[in-house]
Amino acid sequence: MDFNLVNLQPYANPQYFIYVIIGLIPLMIGLWFGKRFKTYEAIFSLVFLFLIFDCDKWQQGINLLLWLGFEFALTMFYQVYRSKKNKTSVFYLMVILAILPLAFVKYYTSFPISSINFTVGFLGISYITFKTVQVIMEMRDGAIKKVEPATYLRFLLFFPTISSGPIDRYRRFKKDYDNAPSRDEYVDMITKGIHYLFLGLFYKFILGWLFGTVWLPVISQKALAITTTVFGIKFSWWLIAYMYDYSMYLFFDFAGYSLFAVSISYFMGIKTPMNFNKPFISKNIKDFWNRWHMTLSFWFRDYIYMRFTFFAMKKKWFKNRIRLSQVSYFLLFLIMGFWHGLTWYYIVYGIFHATAICINDAWLRFKIKHKKQIPSNTFTKWFAIFLTFNTVCFSFLIFSGFLDTFWFK
C-alpha cells in the first residue's frame with residue numbers, strides 16, 4: 001500500500017472517521033466503566049497527530065513540535081515568574097512573545113519572501129496560540145493558580161479541535177480531563193455525540209457540498225460573465241446569488257466541521273463547547289456574534305475587547321464611554337480582520353462589522369429613549385432578523401474575496 005494513503009486530514013473523508021472510531025473504542029470502554037485511560041488517550045492522540053502531519057505534511061509536523069516547545073516553555077517560565085513577581089512589563093512581554101510567531105506566519109504567508117522557501121506554519125497554529133495567550137492572561141489575573149504540564153500539553157494538543165477549534169478554556173478542559181463522567185452522564189454524551197456526528201455529516205458533506213462544490217463554481221462563472229454597470233460600478237445579479245450561496249456554504253462547511261470536533265470530544269468524555277447556535281436567526285449584529293463561531297468571538301471579546309476597554313478606562317483615555325466602546329469595537333474587528341490575513345477584503349470585513357455594531361448600539365440607545373414611539377411586534381422581530389441576515393451575508397461576500405476578482409482582476 002502507498003504510504004501516502006495513510007496521511008489523514010481532519011474530517012476530510014470517511015476514512016478518517018473509521019480510524020478515529022476504531023481508535024476510540026478502548027477509551028470509550030474505559031469511560032463506560034468510569035475510568036479515563038490517560039496513557040492510552042495520549043498515545044491515541046499522538047498517533048493521529050502523526051497521521052495528520054506525516055508524508056508531505058512533515059514540515060508542518062516539525063513546525064508544530066518547535067512551536068509547541070516554544071509556547072510550552074513560555075507558559076512554564078511565566079508560571080514560575082508569576083509565583084515570585086508580578087511585573088506588568090513581563091506579562092506584556094510574554095503575551096507579545098506568544099503572539100509574535102503567529103504574526104510572522106501571517107505576514108510570511110501573505111507576502112512570501114522569494115528568497116526563503118520553506119513552510120513556516122502548520123494546521124492549527126492560531127488555536128494553539130489562542131490557548132497559550134488565554135492561559136498566560138488568566139495566570140496573570142490569578143484565575144489559574146497552577147498549570148499542570150501534562151494536562152497543559154494535552155490541552156494544547158487535543159486533536160479533535162487542534163485544526164480549527166472550537167477554542168476551549170483550560171480550566172473547563174482540566175475539569176473534564178481530571179474526572180471521568182458518570183455512566184448516565186457518559187450515555188448522554190454518547191447520544192449527543194452521535195447526533196452531532198450525523199448532523200455534521202449532513203451539514204458538511206451534503207449541504208456544504210451542494211452550496212460549495214456544486215453550485216458556487218457555476219454561480220461565480222455566471223457572475224463574472226454576465227455583468228453590467230450601475231452608477232459606474234461593475235455589477236451582476238449573479239453576484240447577489242453568489243453572496244447568498246457562499247454564506248450558506250461557509251456556514252454549513254464550518255458548522256459541520258465544528259460539530260465533528262464536538263462529537264469526537266464527547267466520545268472522549270470532554271464537553272468541548274459548541275461553536276454555532278442558529279446564527280442566521282440573530283435579531284441584530286451583536287446577537288449574531290454571540291451565535292457565530294462563538295468560542296472565537298468570545299475569546300476576542302474576553303482577551304482583546306474587555307482588556308483594552310478596562311486598560312483605556314484605567315488610563316482615562318476617553319471621557320465618553322460610548323466613544324470608548326466604539327474604539328474598542330474597531331480595534332477588536334481590525335485585529336480579527338488582520339488575523340484572517342493581510343488582504344484588503346479581510347480588513348474591510350473587520351471595519352464593516354465594527355461599523356455595523358456601532359450603528360446597532362446607537363439604534364438600541366435610540367429605541368430605549370423612544371420606546372413608546374417605536375413598535376415592537378412579530379413583524380418588527382422578523383424584519384430585524386431579515387435585515388441582520390442580509391447584512392451578514394453581504395459581509396461574507398466581502399470576506400470571500402470574490403469582489404477582488406470581480407472588480408479588479
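Along the sequence shown, residues carry numbers from 1. Keep in mind that the numbers below use all heavy atoms, side chains included, and drop hydrogens, waters and symmetry copies.
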Peer 1: Restricting to non-hydrogen atoms, name the atom on Pro149 and the atom on Met76 that form the minimum distance, rounded to 0.1 Å.
Peer 2: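 Taking every non-hydrogen atom into account, CG-SD, 4.1 Å.
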
Peer 1: Charged N to carboxylate O below 4.0 Å: is that the case for Asp141 and Arg307?
Peer 2: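 So Asp141 pairs with Arg307 through a salt bridge.
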
Peer 1: To the nearest 0.5 Å, what is the distance between CZ on Phe333 and SG on Cys358?
Peer 2: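 SG of Cys358 is found 9.0 Å from CZ of Phe333.
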
Peer 1: Does Lys222, at its NZ atom, have more than 12 non-hydrogen atoms belonging to other residues, nucleotides or ligands within less than 6.0 Å?
Peer 2: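 Not more than 12 within 6.0 Å, no.
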
Peer 1: Where is the tightest heavy-atom contact between Ser45 and Arg154, given as atom of each residue plus distance?
Peer 2: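 Scanning both residues completely, I find the closest heavy atoms to be OG-NH2, 3.2 Å.
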
Peer 1: Do we get Arg140 above Phe91's six-membered ring, with its NZ or CZ under 6.0 Å from the centre and within 45° of the axis?
Peer 2: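 Yes, Arg140 and Phe91 form such a contact.
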
Peer 1: So that I know where these two stand, are Trp289 and Tyr329 an aromatic pair - ring centroids less than 6.0 Å apart?
Peer 2: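 No: the rings miss the under 6.0 Å criterion.
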
Peer 1: For Tyr127, look at atom OH and say whether over 12 heavy atoms of other residues, nucleotides or ligands are found less than 6.0 Å away.
Peer 2: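 Yes, enclosed.
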
Peer 1: Between Pro160 and Ser265, which heavy-atom pair has the shortest distance, and what is it?
Peer 2: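 Answer, listing the atom of Pro160 first, then Ser265: CB-OG, 3.7 Å.
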
Peer 1: Ring centres of Tyr246 and Phe402 under 6.0 Å apart?
Peer 2: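 Distance test on ring centres: not under 6.0 Å, no.
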
Peer 1: Are Tyr170 and Glu148 linked by a side-chain donor-acceptor pair shorter than 3.5 Å?
Peer 2: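 No.
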
Peer 1: At their closest point, which heavy atom of Phe155 faces which heavy atom of Asp168, and how far apart are they?
Peer 2: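 Closest pair (atom of Phe155, atom of Asp168, distance): CZ-O, 3.6 Å.
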
Peer 1: Is there a side-chain contact (heavy atoms from CB on, under 4.5 Å) between Val95 and Ile136? Walk through the geometry before answering.
Peer 2: CA-CA 7 Å; Val95 173; Ile136 290 175; 4.2 Å; yes

Peer 1: Scan side-chain atoms only and decide if Tyr152 and Thr75 contain a donor-acceptor pair under the 3.5 Å cut-off.
Peer 2: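 A donor-acceptor contact under 3.5 Å links the two side chains.
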
Peer 1: Using distance only, find each side-chain donor-acceptor pair of residues 225-236 under 3.5 Å and give its atom names and separation, not counting sequence neighbours.
Peer 2:
residue: Lys234; atom: NZ; partner: Phe406; partner atom: O; Å: 3.1
residue: Ser236; atom: OG; partner: Ile226; partner atom: O; Å: 2.7
residue: Ser236; atom: OG; partner: Trp238; partner atom: N; Å: 3.1

Peer 1: Does CH2 in Trp382 sit with more than 12 non-hydrogen atoms of other residues, nucleotides or ligands closer than 6.0 Å?
Peer 2: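 No, not enclosed.
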
Peer 1: How far apart are the C-alpha atoms of Phe158 and Tyr177, what are their side-chain angles, what is the distance that settles it, and do they pass the ring-ring contact (aromatic ring centres under 6.0 Å, His included) test?
Peer 2: CA-CA 11 Å; Phe158 190 53; Tyr177 184 65; 8.5 Å; no

Peer 1: Is Arg183 positioned over the aromatic face of Tyr186, cation under 6.0 angstrom from the ring centre and no more than 45 degrees off axis?
Peer 2: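 The answer is no, since Arg183 fails at least one limit relative to Tyr186.
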
Peer 1: Could you tell me if the ring centre of Tyr346 sits under 6.0 Å from that of Trp339?
Peer 2: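 No, they do not, as the ring centres are separated by 6.0 Å or more.
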
Peer 1: Between Thr272 and Arg172, what is the shortest heavy-atom contact and its length?
Peer 2: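 Taking every non-hydrogen atom into account, N-NH2, 3.9 Å.
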
Peer 1: Is the number of heavy atoms from other residues, nucleotides or ligands within 6.0 Å of OH (Tyr40) greater than 12?
Peer 2: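 Count over threshold, so yes.
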
Peer 1: Please report the shortest heavy-atom distance between Asp176 and Arg36, naming the atom on each side.
Peer 2: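 That closest heavy-atom pairing would be O-NH2, 3.2 Å.
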
Peer 1: Go through the steps for Phe396 and Tyr349 under the test side-chain contact (heavy atoms from CB on, under 4.5 Å), then give the verdict.
Peer 2: CA-CA 8 Å; Phe396 287 156; Tyr349 170 79; 3.8 Å; yes

Peer 1: Is Arg291 positioned over the aromatic face of Phe276, cation under 6.0 angstrom from the ring centre and no more than 45 degrees off axis?
Peer 2: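 Not flagged: Arg291 not positioned over aromatic ring of Phe276.
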
Peer 1: Take Asp188 and Lys271 through the test salt bridge (Lys or Arg N to Asp or Glu O under 4.0 Å) and record every step on the way to the result.
Peer 2: CA-CA 11 Å; Asp188 182 62; Lys271 293 182 179 178; 6.0 Å; no

Peer 1: side-chain hydrogen bond (donor to acceptor under 3.5 Å, both in side chains), that's the test. Do Thr309 and Ser328 meet it? Break it down for me.
Peer 2: CA-CA 6 Å; Thr309 300; Ser328 298; 3.1 Å; yes

Peer 1: Under 6.0 Å from the CZ atom of Phe408, do we count more than 12 heavy atoms belonging to anything else shown?
Peer 2: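 Above 12, so yes.
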
Peer 1: List the residues meeting side-chain contact (heavy atoms from CB on, under 4.5 Å) with Ala356, not counting sequence neighbours, and say none if there are none.
Peer 2: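 Ile285.
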
Peer 1: Kindly list each side-chain donor-acceptor pair under 3.5 angstrom involving residues 202-221, sequence neighbours excluded, with atom names and distances?
Peer 2:
residue: Lys204; atom: NZ; partner: Asp253; partner atom: OD1; Å: 2.8
residue: Ser220; atom: OG; partner: Leu216; partner atom: O; Å: 3.2
residue: Ser220; atom: OG; partner: Pro217; partner atom: O; Å: 2.8

Peer 1: Looking at Trp237, I'd like to know if its CH2 atom is crowded, meaning that more than 12 non-hydrogen atoms belonging to other residues, nucleotides or ligands lie closer than 6.0 Å.
Peer 2: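 12 or below, so no.
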
Peer 1: Can you spot which of Tyr11, Tyr16, Phe251 makes a ring-ring contact (aromatic ring centres under 6.0 Å, His included) with Tyr257?
Peer 2: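 So, applying the ring-ring contact (aromatic ring centres under 6.0 Å, His included) to Tyr257 and each of Tyr11, Tyr16, Phe251, only Tyr11 qualifies.
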
Peer 1: Can you tell me how far CG of Leu296 sits from CD1 of Ile167, rounded to the nearest 0.5 angstrom?
Peer 2: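 Ile167 atom CD1 to Leu296 atom CG measures 4.5 Å (nearest 0.5 Å).
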
Peer 1: Applying ring-ring contact (aromatic ring centres under 6.0 Å, His included), run through Phe48 and Phe44 and close with a yes or a no.
Peer 2: CA-CA 6 Å; Phe48 270 86; Phe44 167 74; 4.9 Å; yes

